[in-house]
Amino acid sequence: MINSFMNPGKEGEIHHGSGSISGVFSQDNVQVGSLSIKDQVFIEATGEASLVFVLGKFDGILGLDFNEIVVGNATPVWHNILHQRVIQEDIFSFWLNRDPLAAKGGEIVFGGVDRRHFKG
């Protein structure tokens with residue numbers, strides 16, 4: 001087994017309107033659904049400065065930012081998906097469920113749309 005994980009030890013922080021996280025930059029091959037993105041740089045969160053991150057029902061933050069606003073010159077995962085040509089269409093779409101009690105809170109589709117979730 002080839003180990004693709006690298007951790008150079010560089011620290012980083014991400015500040016959002018609802019809070020912030022801090023951690024260390026790492027690099028690894030990342031699997032998002034059926035997509036495999038090679039050599040993706042990301043922050044492994046070691047500290048959260050907001051209850052949003054502690055109490056929230058999610059596993060992490062997937063950055064789809066513009067290159068101009070990234071932290072630590074890391075290429076956003078969306079840009080690597082495009083550059084590595086792992087999807088057929090250069091599009092992503094998402095659907096957020098309005099039912100807070102539903103088991104499925106939403107969906108993101110890379111490379112297309114789920115036509116069950118919109119009209120038009």
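All values below come from the heavy atoms of this structure, side chains included, with hydrogens, waters and symmetry mates left out. Numbers here simply count residues along the sequence, with the first being 1. What you are looking at is a predicted structure, and each value in this text was computed from that prediction instead of being measured.
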Q.
Can a donor-acceptor pair be found, under 3.5 Å and without considering hydrogens, that links the side chain of N97 to the backbone of G106?
A. no
Q.
Tell me if a side-chain donor or acceptor on N29 pairs with a main-chain N or O of D39 at a distance below 3.5 Å.
A. yes
Q: Fit a plane to each ring of F92 and F110, take the angle between them on a 0 to 90° scale, and name the class: parallel (under 30°), tilted (30 to 60°) or perpendicular (over 60°).
A: tilted
Q) How long is the span from the NZ atom in K38 to the CD atom in Q40, to the nearest 0.5 Å? A) 12.5 Å
**Q.** Other residues, nucleotides, ligands: >12 heavy atoms within 6.0 Å of Q88 CD
**A.** no
Q. Which pair of non-hydrogen atoms, one from S93 and one from G112, has the smallest distance, and what is that distance?
A. OG-O, 2.9 Å
Q) Does W78 share a hydrophobic cluster with F42, counting links as ILVMFWY side-chain heavy atoms below 4.5 Å and allowing steps through other members? A) yes
(Q) As an exercise, state the distance from CD of Q84 to CG of L35, rounded to the nearest 0.5 Å. (A) 10.5 Å
(Q) Let me confirm one number: the CG-CD1 distance from D90 to I81, rounded to the nearest 0.5 Å. (A) 10.5 Å
Q | S26 and E44 side chains, donor-acceptor separation under 3.5 Å | A | yes
Q) Honestly curious: do V86 and V77 fall in one hydrophobic cluster under the side-chain, below-4.5 Å linking rule? A) yes
Q. Say you draw a straight line from CD of Q27 to OG1 of T75; how long is it, rounded to the nearest 0.5 Å?
A. 9.5 Å
Q: Evaluate the side chain to side chain contact (heavy atoms under 4.5 Å, CB included) criterion for residues I87 and L82: first the C-alpha distance (whole Å), next the side-chain angles of each, then the deciding distance (0.1 Å), finally the verdict.
A: CA-CA 7 Å; I87 57 176; L82 296 176; 4.2 Å; yes
Q.
Could you tell me if the side chain of V32 sits less than 4.5 Å from the side chain of I108, heavy atoms only?
A. no
Q | Distance-only side-chain donor-acceptor flag, S4 / D28, under 3.5 Å | A | yes
(Q) Do I37 and F94 land in one hydrophobic cluster if side-chain heavy atoms of ILVMFWY residues count as linked below 4.5 Å? (A) yes
Q) Taking the side chain from E13 and the backbone from I21, do they hold a donor-acceptor pair closer than 3.5 Å? A) no
Q. Do you know the tightest heavy-atom contact between F25 and A74?
A. CE2-CB, 4.2 Å
Q | Neighbour count >12 (heavy atoms, 6.0 Å) for atom CG, D99 | A | yes
Q: Specify the closest pair of heavy atoms between E107 and D114, including all atoms of both residues, with the distance to one decimal.
A: OE1-OD2, 2.8 Å
